[in-house]
Amino acid sequence: MKYSTMKKIAFTMIMLLAFTVAGAQTNDFYDDEPSYLLKGSKKILVTGEVQKDFTIDITRLPKHSIIVKETVLIGDSVGFTGAYRYDGYSIYDILNRVVLKKKNEAEFPPIIDLYVEVENDRGEIVTFSWGEIYYPVNRHRLLIATSVARIVPSKSKDLWLLPQETKLIAGNDLVTVRNISNPVRITVKSLDSKYPIDRELSPLFSETMRICVNGRQREILSELPAGIQNETFQTVFYGRGRGIHGTTPFIGGMLSEVLRDYYRMSSDALRHGIVVVAGLDGYRAAFTLSEIVNRNDQQEVLLIDRDNYEGAGRFSLFPAGDFFSDRAIKAIMEINLLLPKSGSHWTIAVHGGAGVITRERMTPEREAEYRAMMQAVIDTGAAILASGGSALDAVERTIRLMEDSPLFNAGKGAVFTHEGRNELDASLMDGSNLAAGAVAGVTDIRNPITAARAVMEQSPHVMLTGKGASEFAAEKGLDIVDPSYFRDEKRYNELQRSLKNDKHGTVGCVALDMNGDLAAGTSTGGMTNKRYNRVGDAPVIGAGTYANNATCAVSATGHGEFFIRYTVAHDISALMEYREMSLDEAAREVIKNKLVKVGGTGGVVSVDSKGNVSMPFNTEGMYRGYKTSAGNQGVFIFSDEPDKLMP
């Protein structure tokens, strides 16, 4: 070989080597680290509302790549766990050739009410809407990853922990709790929701919109809630069937902000929560809670308020992340959040009486005793709610514990009448159906609050009194005791001294459960030295106790005659319903203004359907406290301590 030829070959090889080395450094930040194969199944069973079940080998499909920042939920905060590039196969492609067989095909043919459940080999399930898979502007953001590479910061060189198994990746999620390992099954489903279909309805206009949780109405909106800021989205509005609709900007509030008070941020809620949006004409669409409240791409869903009788109003939806307009529901009559129990709010609030309660009149030991007992009863009711129990159960159980304690003017600790007896009153109300029960003037029922519930649930009546109430309680198997049970000389003397200038005291509890139901209960021994079988406000529905899912639950304590005359508990509800006051505004208006003007003393604990708590009083102190699913809690006694919670 000639020297010149060899020289040319050598030069060419050097240039190729130099080009290869230079090419190792690219402008792609996402391929700098090695990629690792993930172990696990590469075959997925597709079942559910499909013409035929089948198993697909995903490795036969086109491969896609996405980059994600993974996080976990730590309490109310988001914790970062790593940044990765995942390569794998898209849910879009896996389901692309599926022949659907909707169970509600005859009634509602559109596919926008479909959703899928993806399950792994451990039985964990996460949910995605059909629109989330097939309507996005950016497709293939839901992958089953079969390989992974770290995205390592150039300076800190953090080496994030690598997954070992195939993994479902929800690329648009902020909190990545839907990223489950080794998925093996996809089940296609449609909503069970039933809405009458009337596509010829004209005009298409609904003046109000219901917000529901698991089918239970929480609120009725006639306009966007106060504080919701309008956003303007420029768009080309394009339908899958009819094509271009227009290029007019959409102006509305973020649906995520409208819904924030109706769910509890939890892994279960983000994995399983579904939001059903239904129009007056029966047209409805399924969204996952995650695609509304858990986005990392700022493609928000707008709720638009058009007070336009001719223009398919009042409320309509604009899902900015959708390429097509199919899920842009018009004339919305209902938004229903379908949540797992751990995704729903609960709240409990308790009082132990109001009056002349000051630090100067109370020893540190006595104060500690009351605080400990208040915390114990609150924790008991909270445990019932946290396990999915009803507000009624939580209220009854909490008050029973207070009735069994000699610390409070109820049950065992009841004050004495002029004749030296203990005469007890109690009431209970269910906010879901306005059912109520009460007993008054009873002397031998160990737990009057349980008797009140029996009246509500096992009789056609609302209130029973005296001997008749006792006979009824005995017939229903309730615990009947000798009247001497209520006489505790040591506690009697202590209470007489502490209540020397305070002739009223009561216990009460209000609760919101995971189903969105409210309940309220109140129990008392009445006024010290009362005569003539006097009955106060505690057993009077609307005065000392009231609950209505549409507004609030209230339990009162104080000078009963004033609470009866001014129907205090119901008045708070009415101010919310008819004057559209907030819970705290309404409670303060009644306790701090109306009652004060006429000389009425006392206070209330109250909770609304969003879990807000208001506990105003116009005396020097009130034993009170609360606990919520969000972890907020407190026990308070004196006037310089908190008297509300607005989550």
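Remember, it's a predicted structure, so these values are computed and weren't measured experimentally. No hydrogens, no waters, no symmetry mates; every other heavy atom, side chains included, goes into these values.
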Only residue of V258, L259, V276 satisfying side chain to side chain contact (heavy atoms under 4.5 Å, CB included) with I335 is L259
Test item: R314 side-chain N/O and S222 main-chain N/O as donor-acceptor pair under 3.5 Å:
yes
Do K644 and Y626 make a side-chain contact, defined as non-hydrogen atoms from C-beta onward lying under 4.5 Å apart?
no
Below 4.5 Å, heavy atoms only, C-beta onward: do L303 and F315 meet side chain to side chain?
yes
Main-chain N/O of A391 paired to D513 side chain as donor or acceptor, under 3.5 Å
yes
Student check: side-chain heavy atoms of C509 and I348 closer than 4.5 Å:
yes
E471 side chain near L464 side chain, heavy-atom distance below 4.5 Å
no
Main chain of G536, side chain of K530: is a donor-acceptor contact present, judged purely on distance under 3.5 Å?
no
Please report the closest heavy-atom contact between V213 and S344, naming both atoms and the distance.
CG1-OG, 4.2 Å
Please determine if K592 forms a cation-pi arrangement with F617, meaning its NZ or CZ atom is less than 6.0 Å from the six-membered ring centre and no more than 45° off the ring axis.
yes
How about R588 and S614: does a side-chain donor come under 3.5 Å of a side-chain acceptor?
no
Is the backbone N or O of L407 less than 3.5 Å from a side-chain atom of Y370, with the two atoms forming a donor-acceptor pair by type?
yes
Side-chain (N618) to main-chain (G600) donor-acceptor, under 3.5 angstrom
yes
Quick one: does L339's side chain get under 4.5 Å of Y262's, heavy atoms only?
no
Quick one: do I357 and R361 satisfy side chain to side chain contact (heavy atoms under 4.5 Å, CB included)? Show the steps, please.
CA-CA 7 Å; I357 306 170; R361 294 167 60 91; over 6 Å; no
Find the distance between CD1 (I572) and OG1 (T567) and round it off to the nearest 0.5 Å.
10.0 Å
Of the non-hydrogen atoms in G602 and I591, which two are nearest, and what is the gap between them?
O-CG2, 3.7 Å
Under 3.5 Å, is there a donor-acceptor pair between the D268 and S266 side chains?
no
Check this for me, if you would: do R359 and D640 make a salt bridge, where the nitrogen-to-carboxylate-oxygen distance has to be below 4.0 angstrom?
yes
Can you tell me how far CG of D281 sits from CD1 of I332, rounded to the nearest 0.5 angstrom?
11.0 Å
Passes side-chain hydrogen bond (donor to acceptor under 3.5 Å, both in side chains), T450 versus R400? Steps please.
CA-CA 8 Å; T450 299; R400 279 178 64 98; 2.8 Å; yes
Taking the side chain from R371 and the backbone from V635, do they hold a donor-acceptor pair closer than 3.5 Å?
yes
Is there side-chain contact between Y546 and V568, with heavy atoms separated by less than 4.5 Å?
no
Please determine if E561 and R534 form a salt bridge, counting it only when a charged side-chain N lies under 4.0 Å from a carboxylate O.
yes
Step by step, would you call D404 with K412 a side chain to side chain contact (heavy atoms under 4.5 Å, CB included)?
CA-CA 5 Å; D404 289 342; K412 182 68 173 173; 5.6 Å; no
I'd like to know if the side chain of D643 and the backbone of P616 have a donor-acceptor N/O pair within less than 3.5 Å.
no
To the nearest 0.5 Å, what is the distance between CG on L518 and OG on S606?
10.5 Å
Side chains of S484 and D482 only: does a donor on one sit below 3.5 Å from an acceptor on the other?
yes
Nearest heavy-atom approach of M576 to A586 is CG-CB, 3.9 Å
Is E641 reaching over with its side chain to a backbone N or O of I637, donor-acceptor style, under 3.5 angstrom?
yes
Over all heavy atoms of both residues, which pair between A543 and D537 is shortest? Give the atoms and the distance, please.
CB-CB, 4.0 Å
Could you state the interatomic distance from CG (L512) to CH2 (W346), rounded to the nearest 0.5 Å?
10.5 Å
Is the closest side-chain heavy-atom distance between L280 and Y195 below 4.5 Å?
no
Can the positive tip of R565 be found less than 6.0 Å from the middle of the six-membered ring of F562, inside 45° of the ring normal?
yes
Please work out which of the three classes, parallel, tilted or perpendicular, describes the rings of Y263 and H345, given edges at 30° and 60°.
parallel
Between N515 and N214, does any side-chain donor sit less than 3.5 Å from a side-chain acceptor?
no
Steps toward side chain to side chain contact (heavy atoms under 4.5 Å, CB included) verdict (V607, N612):
CA-CA 5 Å; V607 62; N612 296 315; over 6 Å; no
Taking N409 for the side chain and G526 for the main chain, is one N or O donor matched with an acceptor at less than 3.5 Å?
yes
Rounded to the nearest 0.5 Å, what separation is found between the CD atom of E219 and the SG atom of C212?
11.0 Å
So S582 and D584, side-chain hydrogen bond (donor to acceptor under 3.5 Å, both in side chains) or not? Walk me through it.
CA-CA 5 Å; S582 70; D584 194 53; 5.8 Å; no
Please tell me whether S555 and T522 have a donor and an acceptor in their side chains that are separated by less than 3.5 angstrom.
yes
Under a 4.0 Å threshold between the charged nitrogen and the carboxylate oxygen, would R260 count as salt-bridged to E257?
yes
Smallest heavy-atom separation, P448 atom then E403 atom, equals CD-OE2, 3.4 Å
Below 4.5 Å, heavy atoms only, C-beta onward: do L385 and S629 meet side chain to side chain?
no
Measure the spacing between OG1 of T557 and CZ of R624 and express it to the nearest 0.5 Å.
12.0 Å
Would a distance-only check, ignoring hydrogens and angles, find a side-chain to backbone donor-acceptor pair under 3.5 Å from D608 to C552?
no
In V395, D393, V439, the residue satisfying side chain to side chain contact (heavy atoms under 4.5 Å, CB included) with R453 is D393
What pair of heavy atoms forms the shortest contact from V442 to G466, and how long is it?
CG1-O, 4.0 Å
Single hit among R284, R218, R210 for salt bridge (Lys or Arg N to Asp or Glu O under 4.0 Å) with E334
R210
